[in-house]
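In what follows, a structure is listed as structure tokens, so that the remarks can point back to it.
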Amino acid sequence: MLGKAHLAIGSAIGLITAHYLGIQQTGILTAVIVTGLAAGLPDVLDSENAAGRDPMGVSWSGIKRDAKRKRLSVIEALLLIPRSLLAVMVDILARIIPHRGVTHWLITWSLLTILAGLVVLLARWGSEVALFFSLGYLSHLLADAMTVSGVKLFMPFYGKAIHLLPRLLCFRYDSPVQWLIVLAMWGLAIYPYRAQIVAFAEGLH
């Protein structure tokens, strides 16, 4: 899947999770942001062609485009420096880690989940933040497992690519089918909030 689709699916999962955990207000925004960013992380770390970097703002094309803009705020201009440094780091990693390699293994997801839990514990954040990270990252692996090439989820113990769908239903990474999945996920995500959405819409009239 494309990076933007991964971020959209991850964010939807964050919203769904926040609802079922009973999280309110700013906690919902945290859920959406953390799961979305975590969902984009596997491709940002391993994609030599920067397929997942644009939504994160660390693709060279995006950096160059923003640098050429005539009207940049001070904050936007200052952010070009860390974005460029991060892009360099990603380039180095991309030359070491093959696409859909170690970042797409379940064992890597497990270790990063544990690491996220330790960071959350040390930073004294809510324990749900680690859950959001874990679900977002996992959503990326499962979404890629719906594509034609599949994902070697059980490496380094089992080298065969795993497909979550029958082969006839698997789709290319850039297929429009992914946007149907995004729409379905966001439909599920906003359904519990339908009453609030209707009330908000009526308040605008």
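The first residue of the sequence shown is numbered 1, and numbering continues consecutively from there. What you are looking at is a predicted structure, and each value in this text was computed from that prediction instead of being measured.
To the nearest 0.5 angstrom, Ile16 atom CD1 is 12.0 Å from Leu21 atom CG. Interatomic distance, Leu183 CG to Leu188 CG, rounded to the nearest 0.5 Å: 11.0 Å. Residue Tyr173 holds its OH atom at 11.0 Å from CG of Asp43, rounded to the nearest 0.5 Å. Once rounded to the nearest 0.5 Å, the distance linking CZ of Phe171 with CG of Leu180 reads 9.5 Å. To the nearest 0.5 angstrom, Ser139 atom OG is 9.5 Å from Asp144 atom CG.
The shortest non-hydrogen separation linking Ser134 to Thr113 is OG-OG1, 3.0 Å. Closest non-hydrogen pair, Val182 versus Ala5, comes out as CG2-O, 3.9 Å. For Trp186 against Ala8, the heavy-atom pair with the smallest separation is NE1-O, 2.9 Å. Considering all non-hydrogen atoms of both residues, Ala189 and Ala12 come closest at CB-O, 3.6 Å. In plain terms, the two heavy atoms of His104 and Pro42 that are nearest each other are CE1-CB, 3.7 Å. In terms of heavy-atom proximity, Ile23 sits nearest to Ile28 at O-CG1, 3.5 Å.
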Original post:
After noting the C-alpha distance and the side-chain angles of Ile181 and Met185, does the key distance pass the side-chain contact (heavy atoms from CB on, under 4.5 Å) rule?
Top reply: CA-CA 6 Å; Ile181 296 174; Met185 291 301 300; 4.3 Å; yes
Original post:
Ile33 and Phe132: side-chain contact (heavy atoms from CB on, under 4.5 Å), yes or no, with the steps?
Top reply: CA-CA 9 Å; Ile33 292 174; Phe132 297 146; over 6 Å; no
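Residues Tyr193 and Leu15 form a side-chain contact, since some pair of their non-hydrogen atoms from C-beta on lies under 4.5 Å apart. Looking at heavy atoms from C-beta onward, Thr103 lies in side-chain contact with Tyr137 at the 4.5 angstrom threshold. Counting only heavy atoms from C-beta outward, the side chains of Val74 and Leu78 approach each other to under 4.5 Å. Contact check for Met146 versus Val177: no side-chain heavy atoms found under the 4.5 Å cut-off.
With sequence neighbours left out, Arg194 forms a salt bridge (charged side-chain N to carboxylate O under 4.0 Å, His left out) with no residue at all. Taking the ring pair (Phe, Tyr, Trp, His ring centres under 6.0 Å) definition, one finds that Tyr191 meets it with nothing, sequence neighbours left out. Every residue two or more places apart in sequence or in another chain was checked for a side-chain hydrogen bond (donor to acceptor under 3.5 Å, both in side chains) with Thr26, and none qualifies. Taking the side-chain contact (heavy atoms from CB on, under 4.5 Å) definition, one finds that Ser84 meets it with Trp60, Ile63, sequence neighbours left out. For Thr17, the side-chain hydrogen bond (donor to acceptor under 3.5 Å, both in side chains) test picks out no residue, with sequence neighbours left out. With sequence neighbours left out, the side-chain contact (heavy atoms from CB on, under 4.5 Å) criterion links Arg69 to Asp66, Leu72, Glu76. Applying the side-chain contact (heavy atoms from CB on, under 4.5 Å) test to Leu138 and every residue at least two apart in sequence or in another chain returns Leu106, Trp109, Leu142.
For residues 174-185, every residue pair satisfying the side chain to side chain donor-acceptor pair (under 3.5 Å) rule, not counting sequence neighbours, is listed here: Arg172-Asp174. Pairs of residues two or more places apart, or lying in two chains, never qualify as salt bridge (charged side-chain N to carboxylate O under 4.0 Å, His left out) while including a residue from residues 15-24.
Grouped with Ile81 in one hydrophobic cluster are Leu85, the linkage being side-chain heavy-atom contacts under 4.5 Å among Ile, Leu, Val, Met, Phe, Trp and Tyr residues. Other residues sharing a hydrophobic cluster with Leu79 under the 4.5 Å side-chain heavy-atom criterion for ILVMFWY residues are Ile75.
In the hydrophobic cluster analysis, where Ile, Leu, Val, Met, Phe, Trp and Tyr join through side-chain heavy atoms closer than 4.5 angstrom, Leu165 is grouped together with Ile9. When the side chains of ILVMFWY residues are joined at heavy-atom separations under 4.5 Å, either directly or via intervening members, Val119 and Val129 end up in a single hydrophobic cluster. Ile114 and Leu141 are not part of a single hydrophobic cluster, where members link through side-chain heavy atoms under 4.5 Å apart.
Between His140 and His6, the ring-plane angle classifies as parallel under the 30° and 60° cut-offs.
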Kindly list each side-chain donor-acceptor pair under 3.5 angstrom involving residues 154-162, sequence neighbours excluded, with atom names and distances?
none

